[in-house]
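One structure is given here, and the rest of the page talks about it.
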Amino acid sequence: MEVRNIGNNMLDWHPKPRFYYGWLVLGTAALGAFIATGVAQTVLGGIQDLIANDMGWDRTTIAFAATIATWVSGMTMPFVGKLVDRYGPRYMMLAAALIVSACSFALSGVNSVWQFYIAYIISRSFAGPNLQNLVPRTVAVNFFRRKRNLALGITALNRIGGESLNLLIITLVAGAFSWRTAYRTLGIIALPLCIPLFLIMRRRPEDIGLRPDGDTAPSTLRARAGAASAPIAEYAWGLREVIRKPPFWFIVWAEFLSVTTTAAVAFQLVPFLTDNGMPYRAAAFALMISVLLGGLSVPLWGHLSDKFTIRRLTMTVMLATSVPTTAFAFIDPQSVGFYASIIWGIASGGIPIVGSMMIGEYFGRRSFGAVSGLTGPFRTAAMGLGPALGALIVNATDAYTAIFALAVASYIVSATLTYAVRYPTPPRRD
C-alpha cells in the first residue's frame, strides 16, 4: 500500500510556478510540437529534393507520401478527440513522442519506397493529432477562457516555430552530412524532451486545483464586439446537433479550401524557387524564414481576435494571403522570389489557426475537443491533399501558375463562406 501511495504521489507531482500554470503547459506543448514537426510535411517539402536525388525517386513520390500520411493522421482525429476529452493529454503525448522518435530513426535507414512510406505514415499519424494539432489545441482551450484565442495563437506558434527550427536543423545537418543523419539527429533530440511532457502536461486546470486563466473565482464571459446575441459559450454541443448547424459547415469548407491550397503552395515553394534558378540552400532558407515569420504573426492574430470579431479577422487573413499568392505568378523568382516567399509566409501565418479559433468561439470550451475531432478529418484531408494536388498540377502543366491561380480563388471563396457564419442557436433539450 505504501509503495502504491509513493507511486501515486510521483505521478501527481507537478511544478508550482509563480505564474499561471497554463502558460507553463503551453510552453511544454512547444516541445511536443518540435518533436512532431520533425516529420511535418512542410519540413519534408524542404528536403524532398535531397531525398529524391539520393534515392532516385521523383518529387511526386515524396508528395504522395506526405498526402497519405496526413490523411491517415486525419482518420485518427475523431478517436483522439474523444480520448483527450476523457483521459487527458499526458500519456497520449508521451507515447506519441516516443513513437515519432523511433520512426525518425527508421526513416534514417530506409532503402525502399515502401519502407519510407511506412515509417513516415506511422510517424505522422501519431505526431499530427497528439503533438501538433488536436491535443495541444484542446489543452489551450481547457486552460484558458478569456484568453482562449491568444492561447490558441501561441499553440499555432509552437507548431510553426517547430517547423522553422526543424527546417533549419534538417537543412544544415543534411547539407553537411546527409538527410539520413538529419533524421537520426531529430530522433535523438526527441528522447529527452519526452520527460517534461510527462511531468508537466495536464488535462485541465481543475485537475491541479486551479481555474481557467488562473482566476480565483468563476468568470463570466462577455460578448465580443458584434456578438451580443452569442449563446452561452459553455453549452455542451452534441455532435449530431453540431452537424445540423450551417455555421459548422461554413467553417469546415472555408478551412478545407484555404488549407488545401496553402499546403500546395508551401510544399511546392522550394521546387518553384530552385526550378527558376535559386540555389537550394537559399530556397530552403526562404521557406524557413517564411514559416518562422508567419508563425510569429499568429499570436498577433490571436490577440486581435480577442478584440475584434473572429469572423472578420478570418476574412482579413484569407484576402491578405491572396495578394502575395497572386504576385508569385508575375514576379521573377530568381531576383525577388526570396522576399515574395517571406511576405507570403507572413500573410498566410494565420490560416492554420483561424478555423480552430472559430470553433472555439462558436461552439465553446466544453465541446471543443469533440467538435475539433469532427473537423479534424477535413482539416488533415485538406493538408494532405495539398502536396499531391500541387505535384500533379505541376506535372500536368509543367508550370506553377495554375497552383497560384487555384489558391487565390480558394482564398476568395473561403472569405465568402466565413462571412456567412453566424452564432448557432442551441437546441432545446427535454
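- Although no hydrogens or angles enter the test, the distance criterion places no donor-acceptor pair under 3.5 Å between the side chain of S290 and the main chain of G345.
- Across S410 and L257, no two heavy atoms sit closer than the pair CB-O, 3.8 Å.
- Considering every non-hydrogen atom in both S348 and T262, the closest pair reads CB-CG2, 4.4 Å.
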Self-check item: Intermediate values then yes/no, side-chain contact (heavy atoms from CB on, under 4.5 Å), R180 and V110
Solution: CA-CA 9 Å; R180 295 179 184 276; V110 299; 4.3 Å; yes
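- Annotation: the span from M358 atom CE to F250 atom CZ amounts to 10.5 Å, rounded to 0.5 Å.
- With contacts defined as side-chain heavy-atom distances shorter than 4.5 Å, the pair P271/V394 does not qualify.
- For the pair A284 and G46, the tightest heavy-atom approach, listed with the atom from each and the gap, is CB-O, 4.5 Å.
- Two residues are said to be in side-chain contact when any heavy atoms from C-beta on lie closer than 4.5 Å; Y117 and F64 meet this criterion.
- The two atoms that bring G337 and I331 nearest to each other are CA-CD1, 4.0 Å, heavy atoms only.
- Counting only heavy atoms from C-beta outward, the side chains of L417 and W249 never approach each other to under 4.5 Å.
- Within the 4.5 Å cutoff, the side chain of V25 has heavy atoms near those of the M201 side chain.
- The CZ atom of R124 sits 5.5 Å away from atom CD of Q41, with the distance rounded to the nearest 0.5 Å.
- Around the CG atom of N53, the shell of radius 6.0 Å holds more than 12 heavy atoms that belong to other residues, nucleotides or ligands.
- Within 6.0 Å of OH on Y419 lie no more than 12 heavy atoms contributed by other residues, nucleotides or ligands.
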Quiz item: What do the steps show when you test V139 against T155 for side-chain contact (heavy atoms from CB on, under 4.5 Å), and what is the final call?
Solution: CA-CA 9 Å; V139 169; T155 302; over 6 Å; no
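- L107 is listed as a side-chain neighbour of V39, based on a closest heavy-atom distance under 4.5 Å.
- The OG atom of S178 sits 9.5 Å away from the CG atom of L50 when rounded to the nearest 0.5 Å.
- Aromatic pair F256/W253: centroids less than 6.0 angstrom apart.
- Rounding to the nearest 0.5 angstrom, the gap separating the OG1 atom in T171 from the CG atom in N166 is 10.0 Å.
- The closest side-chain heavy-atom distance from L273 to F338 is not below 4.5 Å.
- Atom CZ of F267 sits in a crowded spot, with more than 12 heavy atoms from other residues, nucleotides or ligands closer than 6.0 Å.
- For K245 and E241, the salt-bridge test fails: no basic side-chain N is under 4.0 Å from an acidic carboxylate O.
- Taken from CZ in R59 to CD in Q48, the straight-line distance is 6.0 Å, to the nearest 0.5 Å.
- Remark: R18 is not positioned above the aromatic ring of Y20, lacking an NZ or CZ atom under 6.0 angstrom from the ring centre and at most 45 degrees off the axis.
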Practice problem: Evaluate the side-chain contact (heavy atoms from CB on, under 4.5 Å) criterion for residues L197 and I35: first the C-alpha distance (whole Å), next the side-chain angles of each, then the deciding distance (0.1 Å), finally the verdict. | Solution: CA-CA 11 Å; L197 283 177; I35 296 171; 4.2 Å; yes
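- Looking at heavy atoms from C-beta onward, V113 lies out of side-chain contact with F116 at the 4.5 angstrom threshold.
- Nearest approach of G38 to V43, heavy atoms of both residues: O-CG1, 4.0 Å.
- By the ring-ring contact (aromatic ring centres under 6.0 Å, His included) test, F272 is found to be paired with F328, Y400, F404, residues two or more places apart in sequence or in another chain being considered.
- The aromatic rings of Y183 and W179 stand perpendicular to each other, their planes meeting at an angle above 60°, with 30° marking the opposite boundary.
- A 4.5 Å side-chain heavy-atom check between T375 and I251 finds every atom pair outside the cut-off.
- A donor-acceptor contact shorter than 3.5 Å is absent between the side chain of S101 and the backbone of A97.
- The line from CG of L98 to CZ of F198 is 11.0 Å long, rounded to the nearest 0.5 Å.
- With T67 contributing its side chain and A388 its backbone, the two residues share a donor-acceptor pair below 3.5 Å.
- Separation of the F248 and F378 ring centroids does not fall under the 6.0 Å cut-off.
- Counting non-hydrogen atoms of neighbouring residues, nucleotides and ligands closer than 6.0 angstrom, the CZ atom of F330 reaches no more than 12 such neighbours.
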Practice problem: For side-chain contact (heavy atoms from CB on, under 4.5 Å), just list the numbers for F285 and V270, CA-CA rounded to whole Å, side-chain angles, deciding distance to a tenth of an Å, and then say yes or no. | Solution: CA-CA 9 Å; F285 188 68; V270 171; over 6 Å; no
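- Listed here is the closest heavy atom pair of Y280 and T274: CA-CG2, 3.9 Å.
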